[in-house]
Asks: 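Once you've had a glance at the structure underneath, I'll fire off some questions.
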Amino acid sequence: MGTLFKYHYPGAEIIASLILEAVLSDSPKAAYCAGPMVEEILGPRTKLDDDSFFQFMSEKTGLKDLKV
């Protein structure tokens with residue numbers, strides 16, 4: 001579908017296939033995830049506490065030193 005930063009973003013097909021998987025499943029999951037940054041973002045999320053994840057995301061997005 002397009003490219004933003006260094007990631008290639010797929011079209012709607014990836015989400016459509018997840019919806020189809022959920023609808024046809026005998027035991028659907030509570031949540032599904034897909035996209036180019038799933039492993040990069042959700043991987044650390046499962047291993048970090050909230051404060052550490054906030055710091056990780058602040059550094060990842062370049063907002064670490066932002067003062068408001």
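Only heavy atoms go into these numbers, but all of them, side chains included; no hydrogens, no water, no symmetry mates.
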Asks: Is V23 reachable from I15 through a run of I, L, V, M, F, W or Y residues, each pair having side-chain heavy atoms under 4.5 Å apart?
Replies: yes
Asks: Quick check: do I41 and F53 have side-chain heavy atoms less than 4.5 Å from each other?
Replies: yes
Asks: Atom CD1 in I14, atom CD1 in I19: separation rounded to 0.5 Å?
Replies: 11.5 Å
Asks: Report the distance from atom CG of L18 to atom OG of S25, rounding to the nearest 0.5 Å.
Replies: 12.0 Å
Asks: Looking only at heavy atoms, what is the nearest atom pair of A22 and P28, with distance?
Replies: O-CB, 3.7 Å
Asks: For a quick test of reading the model, state the closest non-hydrogen atom pair linking E21 to Y32 and the distance between them.
Replies: OE2-CE2, 3.6 Å
Asks: Rounded to the nearest 0.5 Å, what separation is found between the CZ atom of F56 and the NZ atom of K47?
Replies: 10.0 Å
Asks: Is the closest side-chain heavy-atom distance between M57 and R45 below 4.5 Å?
Replies: no
Asks: Taking the side chain from S52 and the backbone from L48, do they hold a donor-acceptor pair closer than 3.5 Å?
Replies: no
